[in-house]
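Numbers for residues simply follow the sequence, beginning at 1. Quick caveat, the model's predicted, so the values are computed rather than measured.
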Amino acid sequence: MDKLLIWALFILPWLSLIFMNHSSIRRYMPVAFLATIINTIIAQIAWFHHWWKFNESLFYWDKIAPLFTVYGVFLIGTMWIFYFTFNKFWIYMLVNAVIDFFLWLYFFKNIKYARN
């Protein structure tokens, strides 16, 4: 993956918060932080057990939990998903399934799975 695209995946989601009002940011940031912390813990466990390895990253030290996915797209994407689907459970489930499918495609193409 090109470094420019990786930087865009890290910075553009944060810039998109300009379009979200302040009260919504304060409302959905805790759930986004919780989901990000859980995602980081899972990434650390996966790195320790050699479940997968990221091929591309922003820095040499972010191979465990890449910044552009966990602290860029995932964190801000969680906030936007809750912003548009709060109190709409079935729409949330549909959006979540579609996003998970595309993330699965990304992981399938760009991550080297460790083999025992």
For the student: nearest non-hydrogen atoms of [X] and [Y], plus distance:
X	Y	value
Ile25	Leu17	CD1-O, 3.8 Å
Trp14	Gly72	NE1-CA, 4.0 Å
Tyr28	Met79	O-CG, 3.8 Å
Ala32	Thr78	CA-CG2, 3.9 Å

Check the hydrophobic clustering (I, L, V, M, F, W, Y; side-chain heavy atoms under 4.5 Å; chains of links allowed) and say if [X] and [Y] are grouped together.
X	Y	value
Phe101	Val98	yes
Ile38	Trp47	no
Ile91	Ile99	yes
Val70	Leu12	yes
Ile11	Ile6	yes

Quiz item: Between Phe74 and Asn39, is a side chain to side chain contact (heavy atoms under 4.5 Å, CB included) present by the stated rule, with each step listed?
Solution: CA-CA 9 Å; Phe74 185 79; Asn39 195 347; 3.5 Å; yes
Quiz item: For the residue pair Phe10 and Trp7, does the interplanar ring angle fall in the parallel (under 30°), tilted (30 to 60°) or perpendicular (over 60°) class?
Solution: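 Taking Trp7 first and then Phe10, their aromatic rings stand perpendicular (interplane angle over 60°).
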Exercise. Give a yes or no answer on whether the side chain of Trp51 reaches the backbone of Ala43 with a donor-acceptor pair at less than 3.5 Å.
Key: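 Answer holds: no.
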Quiz item: Hey, is the main chain of Thr36 close enough, under 3.5 Å, to the side chain of Thr40 for a donor-acceptor pair?
Solution: yes
Exercise. Look up atom CD1 in Ile76 and atom CG in Leu9, then write down how far apart they are to the nearest 0.5 Å.
Key: 13.0 Å
Exercise. Could you walk me through whether Phe48 and Gln44 pass side chain to side chain contact (heavy atoms under 4.5 Å, CB included), step by step?
Key: CA-CA 6 Å; Phe48 179 77; Gln44 289 175 351; over 6 Å; no
Quiz prompt | Arg27: which of Phe86, Tyr83, Phe82 passes side chain to side chain contact (heavy atoms under 4.5 Å, CB included) | solution = Phe86
Quiz prompt | Flag side-chain contact, heavy atom, 4.5 Å: Asn96 against Ile81 | solution =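 They are not in contact (no side-chain heavy atoms under 4.5 Å apart), so the answer is no.
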Exercise. Taking the side chain as every heavy atom from C-beta outward, state whether Pro13 and Leu75 have any atom pair closer than 4.5 Å.
Key: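 Counting from C-beta outward, Pro13 and Leu75 never come under 4.5 Å.
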